[in-house]
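Written below as C-alpha cells is the structure these notes are about.
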4 protein chains.
Amino acid sequence: MDAVKGVKGKRLPRAVREEQMMDAAVRTFARRGYRAASMDEIAQLAGVSKPLVYLYLNSKDQLFTACIRREAQALLATVQAAIEPGLSADRQLWAGLTAFFDYTVESPDGWSVLHRQARTHGEPFALEVAAMRDEIVAFVAVLIQAAATEAGAARPEPELAERDMAGLAQALVGAAESLAGWMNDAGTMTAKEAAATLMNFAWVGLGNLLEGERWSARGPQGPAVVGAGEF
Amino acid sequence: MDAVKGVKGKRLPRAVREEQMMDAAVRTFARRGYRAASMDEIAQLAGVSKPLVYLYLNSKDQLFTACIRREAQALLATVQAAIEPGLSADRQLWAGLTAFFDYTVESPDGWSVLHRQARTHGEPFALEVAAMRDEIVAFVAVLIQAAATEAGAARPEPELAERDMAGLAQALVGAAESLAGWMNDAGTMTAKEAAATLMNFAWVGLGNLLEGERWSARGPQGPAVVGAGEF
Amino acid sequence: MDAVKGVKGKRLPRAVREEQMMDAAVRTFARRGYRAASMDEIAQLAGVSKPLVYLYLNSKDQLFTACIRREAQALLATVQAAIEPGLSADRQLWAGLTAFFDYTVESPDGWSVLHRQARTHGEPFALEVAAMRDEIVAFVAVLIQAAATEAGAARPEPELAERDMAGLAQALVGAAESLAGWMNDAGTMTAKEAAATLMNFAWVGLGNLLEGERWSARGPQGPAVVGAGEF
Amino acid sequence: MDAVKGVKGKRLPRAVREEQMMDAAVRTFARRGYRAASMDEIAQLAGVSKPLVYLYLNSKDQLFTACIRREAQALLATVQAAIEPGLSADRQLWAGLTAFFDYTVESPDGWSVLHRQARTHGEPFALEVAAMRDEIVAFVAVLIQAAATEAGAARPEPELAERDMAGLAQALVGAAESLAGWMNDAGTMTAKEAAATLMNFAWVGLGNLLEGERWSARGPQGPAVVGAGEF
DNA sequence: GATGAATGAGGCTTCATTCAT
DNA sequence: AATGAATGAAGCCTCATTCAT
C-alpha cells in the first residue's frame with residue numbers, strides 16, 4: 001500500500017506540490033482569466049488547501065507571474081531545442097515554427113496564459129511575457145538578417161534597414177500566432193501544415209505563390225512544389 | 001480621472017450621455033481589462049452617477065458588449081470606406097491595411113478592447129468580436145482569391161485549396177495585428193509604413209524580398225523598388 | 001374622437017389618476033410584496049410617470065397605506081352591506097361569511113394585500129389592517145353574544161365569559177380566512193359552499209356534525225340535512 | 001443588537017456557528033420580513049462577519065429556506081411527538097393542538113417565519129411551508145375521518161365527502177392559527193386555554209355550545225361541563 | 001507539511017426620491 | 001397636469017488573504 005497521488009492531506013515534497021499548484025493555476029487562469037480565476041478554485045483543483053498555496057506561492061500576483069515564467073520558459077526551450085544552428089536560415093525558421101505550433105497544440109492552456117491572459121491584465125504581467133516575445137522576435141530578425149547575408153553573397157544590394165527587419169519579424173511572429181489560434185480553435189490544420197502554410201506565405205510571398213512558386217523544406221532548388229499538406 | 005466633458009449636474013439628452021459613458025467605458029476597459037474595470041470608475045470618468053449608467057446601459061456585461069459592437073462597427077466602417085471595389089486585389093489590400101493601421105492609431109483604446117480585452121474575457125464577448133474578425137479574414141481571403149484569378153489569366157494552374165486561402169488570410173490578418181501593436185507601442189512606424197512593410201512581406205515574400213524584389217503601390221510594373229519608408 | 005383611457009400623457013382629473021395608481025399599486029403589492037414592489041413598476045403599470053405618483057401619493061409608505069385603507073374599507077362595506085340587522089344571529093353570520101368569501105374571490109389582490117402583505121411588513125401597516133380585522137372579530141363576537149342571548153331565553157345558564165366570546169370569534173374568523181385561501185388557491189369550492197362548510201363547522205360542531213346534525217339557512221327546525229353543496 | 005452568544009473572534013466549529021446564524025436569521029426574518037432583513041444585520045446578530053454567513057449558508061435565499069425547513073421540522077416534530085396513536089380522535093386532536101400552541105408560544109419567531117414571512121415572499125418559500133401545512137391539514141382530516149368512523153359505529157350514515165373533510169380540516173387549522181396569533185399578541189390565554197377553546201368550538205359547535213354542551217378532555221361521557229379555563 | 005476558521009475591502013446592482021421644465 | 005434627467009444610500013455577494021493549530 002503505497003502513497004497514492006491525489007490522496008487528500010498526503011504529505012508530499014514541496015517541489016511536487018508546487019508543480020500541482022502551478023498546473024492547476026495555469027489551467028484556471030487560461031479558462032477564466034486572471035481576475036475571474038479564484039484562489040479557491042485553484043487550490044481545489046490542485047487538491048490542497050488555500051493556505052498551502054499562499055505558503056508556497058505567496059500571492060495571486062506571484063502565482064500568476066510564476067505561471068507566466070514557467071510557460072514562457074517551456075515555449076522558449078521547445079523552440080530553441082528544435083533549431084540546429086548549422087542549418088540555413090529558412091530551415092531554422094521552419095524548425096522553429098514547427099516547434100512553436102507543436103507547443104500551442106500540446107499546451108493550449110499555457111499558450112492561452114502567455115498569449116491572451118498575460119497580455120491583458122496589467123503591465124507587470126504584460127512586460128513579463130513581452131520580454132519573451134521580444135526574444136523570439138529578435139531571433140527571427142536574426143534569421144532574416146542571416147538570410148539576407150546568404151542572399152547578399154550572391155547579389156549584394158539588399159538595403160533592408162534594422163527597422164525593416166524588426167517589422168518583418170513582428171509580422172512573421174504575428175502571423176504565426178494568428179495561425180496557431182485558428183489551427184487550435186477551428187481544428188483545420190496540423191502543426192506541420194500550419195508551419196508549411198506560413199513558410200510559403202512568408203518566404204515566397206503571395207504574389208509569387210500565385211505564380212506557382214513554392215517554398216520547400218527540401219530547399220529552394222528541390223522539386224519545389226509543396227502544398228500545405230505535403231512536406 | 002476627471003469628467004471628460006460637461007459640467008457636473010448639467011442635464012443632457014440621453015444620446016449625449018450615452019456617448020460619454022461609452023467613451024469612458026472603452027477607455028476604462030482598454031486600460032484595466034473587463035474584470036478590473038469598475039463601474040464606479042467608468043461612471044466617474046463619464047462624469048455621471050453610477051445609477052445613470054445602469055439606467056442607460058443596464059449592466060456591465062451589456063455595457064461591454066455595446067463597446068465591442070460600437071468599436072467593431074467603427075473599424076469595419078473605416079476599412080470598408082477605404083476600399084474601392086474597382087481596384088486590383090493588391091491595391092484593395094493596400095487600402096484596407098492602411099485604413100486598419102489608421103484605426104489602431106486613432107482609436108488605440110477601441111483597438112485594445114477589440115483585440116485584447118474582448119477576446120480574453122469569456123465566450124459571449126469573444127464571439128462578438130470573432131464575428132467581425134472572421135468577416136475581415138473572409139474578405140482578405142476573397143482578395144487572395146481574386147489575385148489568384150488575375151494571376152491565373154496569365155498562367156492557369158491555381159491549385160490553392162480553400163483551406164490554404166483561409167490559412168493565408170489568417171496569417172495576413174495576424175501579421176497586421178502584430179504590426180499594429182508594435183507600431184503603436186514602440187512608436188517606430190507610421191500607419192503607412194506599417195502597411196508598406198506588410199505589403200512587401202505578404203505580396204513579395206521574404207525570399208524574393210531579399211533578392212531585391214519590391215511591391216509598390218504604383219503597381220508591379222512600376223519603378224518597383226520601394227523600401228518601407230517610401231510610397 | 002374622444003379621450004381614450006390609457007393614452008400616454010393624456011390629462012385626466014386627479015381622482016381618476018389616483019384610482020389608476022392605486023389599482024396598479026394593489027396589484028403590484030399583492031404580487032410582489034411591499035418591499036419587492038418597485039415604484040417604477042407601479043408607475044409603469046398605472047401608465048404614468050413616477051413623479052406623478054409622488055405628486056399624488058407622496059411616498060411608497062403612504063401609497064401602501066392608502067391601498068390598505070381602500071381595500072379594508074371595501075371589504076368592510078361589502079360585509080356590512082350584506083347583513084340585515086333584523087335577522088337572527090346565525091342568519092347574519094351566514095350573510096356576512098358569504099359576502100366575505102365573495103370579496104376574496106372578486107378582489108384577490110386586495111385580499112392578498114390585506115391578509116398577507118399588510119401584516120408582514122412592519123407595525124404601521126399591520127396596525128392599519130389589524131384595526132379592521134378587530135372590527136370584524138368584534139362584530140362576530142357580538143353575533144355570538146346575541147345567539148347566546150337568544151338561547152338564554154330558553155335556558156338561562158350560558159356562562160360564556162367575554163374572553164371566551166373573543167376567542168371563539170377569533171377562531172371563527174381564522175377559520176374563514178383559511179377557507180378563503182384554500183378556496184381561492186385550490187379552486188375546490190365556491191364562496192357559498194365555503195360559507196356553508198363553515199356554518200356547519202362553527203354552529204353545529206364536528207362532534208354533532210358527525211352524528212348527522214346540520215345547520216341550515218332555513219333555520220334549525222327546518223328539514224335539517226344540508227351538505228356543503230346544498231343551501 | 002449584540003452578539004447573542006460567544007466572544008467575538010472566537011473560533012468555533014462549523015456546526016455551532018451555523019446554529020447561531022440560523023437563530024439570528026430566524027429572529028431577523030421574523031421581525032423584519034424577508035426583504036427588509038439584511039444579511040448585515042443577521043451576521044451582526046450572529047456575532048460573525050458576513051462572509052462567514054455566505055461561506056456556510058450560501059445566499060439569502062438558501063438561508064431563508066434553511067430557516068423555513070428547520071422551523072417546519074421543529075413544529076412537525078413537536079406536534080407528532082405529542083400525539084399518541086392509540087387515543088380516540090378527539091383526544092389526539094387535543095394533544096396536537098396543545099403541542100401546536102405550545103410551539104407558537106415557545107418559538108414565536110419561528111412561528112412568524114412559517115406563518116407570515118414564508119407565505120408572503122414568493123413561490124419557492126411559500127411552497128416549502130405549504131408542504132408542511134398540507135401535511136398537518138391532511139392529518140387533521142384523517143382525525144376527522146377517524147371520528148366519523150367511531151361515530152359511524154353507533155349510527156351508520158357517514159355522508160361527509162372527501163371535500164367536506166378537507167374543508168373542515170382547513171377551517172380547523174385556520175382557526176388554530178388565528179387563535180395562536182391572538183393568544184401571543186394579546187397575551188390573553190395560555191396554550192392550554194386556547195386548545196380548550198378550540199376543542200369546544202370545533203367539536204361541540206357554537207350552537208350546541210350555547211345550549212350548555214361542552215367538550216372535555218376526560219371524554220364525552222364525563223362530567224362534561226368545561227369552560228375554556230378548566231381541563 | 002497542512003488545514004479549518006475567519007474577515008476587510010470592494011464590486012455589481014437596485015431603488016426611493018427629487019429637480020427642472 | 002405631467003415628465004425626462006439624475007442621484008444618495010443601501011443591499012447582496014465574492015475574494016484575496018491571514019490566524020491558530
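Chain A is the first sequence line, chain B the second, and so forth, proteins listed ahead of strands; every chain is numbered from 1. What's counted below: heavy atoms across the whole structure, side chains too, no hydrogens, waters or symmetry copies.
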With a 4.5 Å heavy-atom cut-off, do D:L63 and D:K60 have their side chains touching?
-> no
Please tell me if the side chains of C:D40 and C:K50 come closer than 4.5 Å, counting only heavy atoms from C-beta onward.
-> yes
Going through the checks in order, is the side-chain contact (heavy atoms from CB on, under 4.5 Å) test met by D:Y34 and C:R35?
-> CA-CA 9 Å; D:Y34 175 63; C:R35 292 289 301 230; over 6 Å; no
Length of the CG-P vector between A:D40 and F:dC13, whole Å | 17 Å
Kindly express the pairing pattern of DNA chain E in dot-bracket notation, using | wherever a base pairs with another strand and counting only Watson-Crick or G-U pairs under 3.5 Å.
-> .||||||||||||||||||||
Interatomic distance, D:R11 CZ vs E:dT3 P [rounded to whole Å] = 16 Å
Distance in angstrom units between A:L55 CG and F:dA16 P, rounded | 18 Å
Closer to the 5' end of DNA chain E via nearest nucleotide, is it D:P51 or B:S38?
-> D:P51
A:E18 CD - E:dA2 C1' separation (whole Å) | 15 Å
Do any side-chain nitrogens or oxygens of C:Y56 fall under 4.0 Å of OP1 or OP2 in F:dA2?
-> yes
Under 3.5 Å, is there a donor-acceptor pair between the side chain of D:S112 and the main chain of D:P108?
-> no
In whole angstrom, give the distance that lies between atom CG of B:L52 and atom P of E:dT13.
-> 15 Å
Taking only N and O in the side chain of A:R17, is any of them less than 4.0 Å away from OP1 or OP2 of E:dA2?
-> yes
Kindly say whether, by distance alone, the side chain of B:K60 makes a donor-acceptor pair under 3.5 Å with the base of E:dT13?
-> no
Where each residue is assigned the nucleotide of DNA chain F containing its nearest heavy atom, which of D:M39 and B:R14 is assigned the position nearer the 5′ end?
-> B:R14
Does anything in residues 114-127 of chain C pair up under salt bridge (Lys or Arg N to Asp or Glu O under 4.0 Å), and if so which pairs, sequence neighbours excluded?
-> none
Sugar-phosphate only, base, or nothing, as touched by D:A36 at under 4.0 Å among non-hydrogen atoms = nothing
For atom CD of B:Q20 and atom P of F:dA6, their distance in whole Å | 9 Å
Could you state the CZ-P distance from A:R32 to F:dT14, rounded to the nearest angstrom?
-> 14 Å
Enumerate the residues from residues 120-129 of chain B whose closest heavy atom to DNA chain E is under 4.0 Å, giving them by residue number; use none for an empty result.
-> none
Which heavy-atom pair separates D:A66 from D:L57 by the least distance, and what is that distance?
-> CB-CD2, 4.3 Å
Nearest-nucleotide 5' precedence on DNA chain F, C:P13 against C:R35 | C:P13
C:F29 vs C:D109, side-chain contact (heavy atoms from CB on, under 4.5 Å): CA-CA, chis, key distance, verdict = CA-CA 8 Å; C:F29 286 136; C:D109 288 337; over 6 Å; no
Decide yes or no, distance alone: a donor-acceptor N/O pair under 3.5 angstrom between the base of F:dT3 and the side-chain of C:K50.
-> no
Are a donor atom and an acceptor atom from the side chains of C:Q73 and C:R70 found within less than 3.5 Å of each other?
-> no
Just wondering, more than 12 heavy atoms not from A:Q44 lying within 6.0 Å of its CD?
-> no
Might you point out which heavy atoms bring B:V26 and B:E71 nearest each other, and give the distance in Å?
-> CG2-OE2, 3.9 Å
At under 4.0 Å, does any side-chain N or O of A:Y54 touch on OP1 or OP2 of F:dT17?
-> yes
What integer distance in Å separates A:D61:CG from F:dC15:P?
-> 16 Å
Identify whether any heavy atom of C:A37 sits under 4.0 Å from a base atom; if not, whether one sits that close to sugar-phosphate; answer base, sugar-phosphate or nothing.
-> sugar-phosphate
